[in-house]
Amino acid sequence: MSVPWWFTLPALAFFGFAVLVPSARGALYAFTDWNGISADYAFVGLDRFRELLGDEKARDALGNTLLVAVAVTLVQNAVGLLLALGVNSRIKSRNVLRVFFFAPAVITPVVTAYLWKYLYSPEGAINAAFEAVGLGALRQDWLGDPDIALWSVVAVIVWQFAGYSMVIFLAGLQSIPREIHEAADVDGAGAVRRFWYVVRPMLAPATTINLMLSMIGGLKLFDQVWVMTQGGPGRATDTLSTVIYREAFQFNEYAYSTAMAVVLTLFVIVISGFQYGYLSRQERRAS
């Protein structure tokens, strides 16, 4: 082992002690009947995973998780790209706008969730604004209607993290040499053609990063959902993370919740792996 690698050993040892060992031991409990309190437990093999396959609430939560992850990934990155293109222009207020759009990303998700929970309430600011402009017919029970509650949560995620995606896209845009834009102008390419054939391929690395981060974040979503709806109304906004939390800390089904967490972890790894492989191929093709 070369000398520089020795300097990583303390960090690797701490990471193994604080992350890898607890994770491995936690995964072991998925094959037991542990209740979270007793020191005694028995191995039950794959019983918890069989139980999970037949659990309707887990299947509903999985569907919601996938729906949220896909919606957040698509909308957040579309909005982030549009914002990046806007603030990359020569408008005088571009620096102020960059700070303004990025600011929500540095707010704690729990604080953001409480803020939007108030805004979404039946007598909150959103419905009040509709009343004030004569659009009272658009008033909604944003978090109490099963048909729109999940989309209300998605809107909060997009609002908070679109600015984060914007910053990554903006870094990609600013790395494109000005000479390439000038050459496209000389060739007579309009704004749309210049974006599609020049800018878009050179944004491939930024696109890969943004899509990966937003997809993983959507699959693991917990804080905002739990604060705003706790998975309700009914199970309309339940995600795998909220079901895991409820099974462990409300129903004391620690072994079952651990099995569900293992499935979620594998799910994230598999989807992220396929996504990364596809995006990497697209990135190489674009280059």
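These figures come from a predicted structure and were not determined experimentally.
Taken from CD in Q160 to CG in D223, the straight-line distance is 9.0 Å, to the nearest 0.5 Å. Between the OG1 atom in T65 and the CG atom in L240 there is a gap of 4.0 Å [rounded to 0.5 Å].
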Show your reasoning for whether side-chain contact (heavy atoms from CB on, under 4.5 Å) applies to V153 and V68. CA-CA 9 Å; V153 174; V68 167; 5.9 Å; no
Report the C-alpha distance between W159 and W116 in whole Å, list the side-chain angles of each, state the deciding distance to 0.1 Å, and finish with yes or no for side-chain contact (heavy atoms from CB on, under 4.5 Å). CA-CA 10 Å; W159 174 84; W116 279 92; 3.3 Å; yes
Quick one, S214 with Q76, criterion side-chain hydrogen bond (donor to acceptor under 3.5 Å, both in side chains). Give me CA distance, side-chain angles, the key distance, then yes/no. CA-CA 8 Å; S214 52; Q76 176 182 315; 4.8 Å; no
Steps toward side-chain contact (heavy atoms from CB on, under 4.5 Å) verdict (F169, N77): CA-CA 9 Å; F169 279 127; N77 286 287; 3.9 Å; yes
Using side-chain contact (heavy atoms from CB on, under 4.5 Å), reason through I168 and L213 one step at a time and then give a plain yes or no. CA-CA 11 Å; I168 297 175; L213 290 177; 4.0 Å; yes
With salt bridge (Lys or Arg N to Asp or Glu O under 4.0 Å) as the criterion, how do E51 and R48 come out once you've worked through the C-alpha distance, each side chain's angles and the decisive distance to 0.1 Å? CA-CA 5 Å; E51 182 181 353; R48 298 304 184 193; 3.4 Å; yes
Check the pair D238 / R246 against salt bridge (Lys or Arg N to Asp or Glu O under 4.0 Å), numbers first and verdict last. CA-CA 10 Å; D238 252 340; R246 189 181 299 114; 3.1 Å; yes
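In this structure, the side chains of L66 and F267 come closer than 4.5 Å at one or more pairs of heavy atoms. Considering only heavy atoms from C-beta on, L67 comes within 4.5 Å of W151 through its side chain. Using a 4.5 Å heavy-atom cutoff, the side chains of I148 and Q140 are in contact. V96 is not listed as a side-chain neighbour of V99, based on a closest heavy-atom distance of 4.5 Å or more. Between V263 and L52 the shortest side-chain heavy-atom distance falls below 4.5 Å. With a 4.5 Å cut-off on side-chain heavy atoms, P177 and I180 count as touching. The side-chain heavy atoms of R98 and N95, taken from C-beta on, include a pair separated by under 4.5 Å. Using a 4.5 Å cut-off on side-chain heavy atoms (C-beta onward), F49 and F31 make contact.
Surrounding CZ of F251 are more than 12 heavy atoms belonging to other residues, nucleotides or ligands, all under 6.0 Å away. For Y164, the OH atom counts as loosely surrounded, since its 6.0 Å shell holds 12 or fewer non-hydrogen atoms of other residues, nucleotides or ligands. With a 6.0 Å radius and a threshold of 12 heavy atoms from other residues, nucleotides or ligands, R94 has its CZ atom above the threshold. Within 6.0 Å of atom CZ in F100, 12 or fewer heavy atoms from other residues, nucleotides or ligands are found, so the atom counts as exposed in its surroundings.
In this structure, N127 contributes its side chain and R139 its backbone to no donor-acceptor pair below 3.5 Å. Side chain of T229 to main chain of G231: a donor-acceptor pair is present (N/O by atom type, distance under 3.5 Å, no hydrogens or angles). Judged by distance alone, the side chain of Y118 and the main-chain N or O of G124 form no donor-acceptor pair under 3.5 Å. With hydrogens and angles disregarded, no donor-acceptor distance shorter than 3.5 Å links the side chain of S272 to the backbone of I269. For S241 (side chain) and K220 (main-chain N/O), a donor-acceptor pair under 3.5 Å exists by modelled atom type. Side-chain atoms of R194 do not come within 3.5 Å of backbone N or O of V199 as any donor-acceptor pair. Put simply, the side chain of T258 never gets that close to the backbone of A27: no donor and acceptor are under 3.5 Å apart. Formation of a donor-acceptor pair under 3.5 Å by the Q275 side chain with backbone atoms of L211 is found in this model.
In the hydrophobic cluster analysis, where Ile, Leu, Val, Met, Phe, Trp and Tyr join through side-chain heavy atoms closer than 4.5 angstrom, L74 is grouped apart from L221. W34 and I244 end up in the same hydrophobic cluster when Ile, Leu, Val, Met, Phe, Trp and Tyr side chains are linked at under 4.5 Å. When the side chains of ILVMFWY residues are joined at heavy-atom separations under 4.5 Å, either directly or via intervening members, I126 and L115 end up in a single hydrophobic cluster. Following chains of ILVMFWY side-chain contacts shorter than 4.5 Å, one can reach I209 starting from F161, so the two form part of one hydrophobic cluster. Criterion: ILVMFWY side-chain heavy atoms under 4.5 Å apart, direct or through other members. Under it, L138 and Y120 are part of a common hydrophobic cluster.
Closest approach of S175 to G172, counting heavy atoms only: OG-O, 2.7 Å. The heavy-atom pair separating L143 from P233 by the smallest distance is O-CD, 3.4 Å. Nearest heavy atom pair, residue G163 against residue F102, reads O-CD1, 3.6 Å. When all heavy atoms are compared, the tightest approach of Q224 to P109 is NE2-CB, 3.6 Å.
Under a cutoff of 6.0 Å and an axis angle of 45°, R200 and W196 form a cation-pi pair.
Among the candidates V79, L81, L83, the single residue satisfying the side-chain contact (heavy atoms from CB on, under 4.5 Å) test with M166 is L83.
One finds no salt bridge joining K57 and D60 here, because no Lys/Arg side-chain nitrogen approaches an Asp/Glu carboxylate oxygen to under 4.0 Å.
Classified by interplanar angle (parallel below 30°, tilted 30° to 60°, perpendicular above 60°), the ring pair Y41/F43 is perpendicular.
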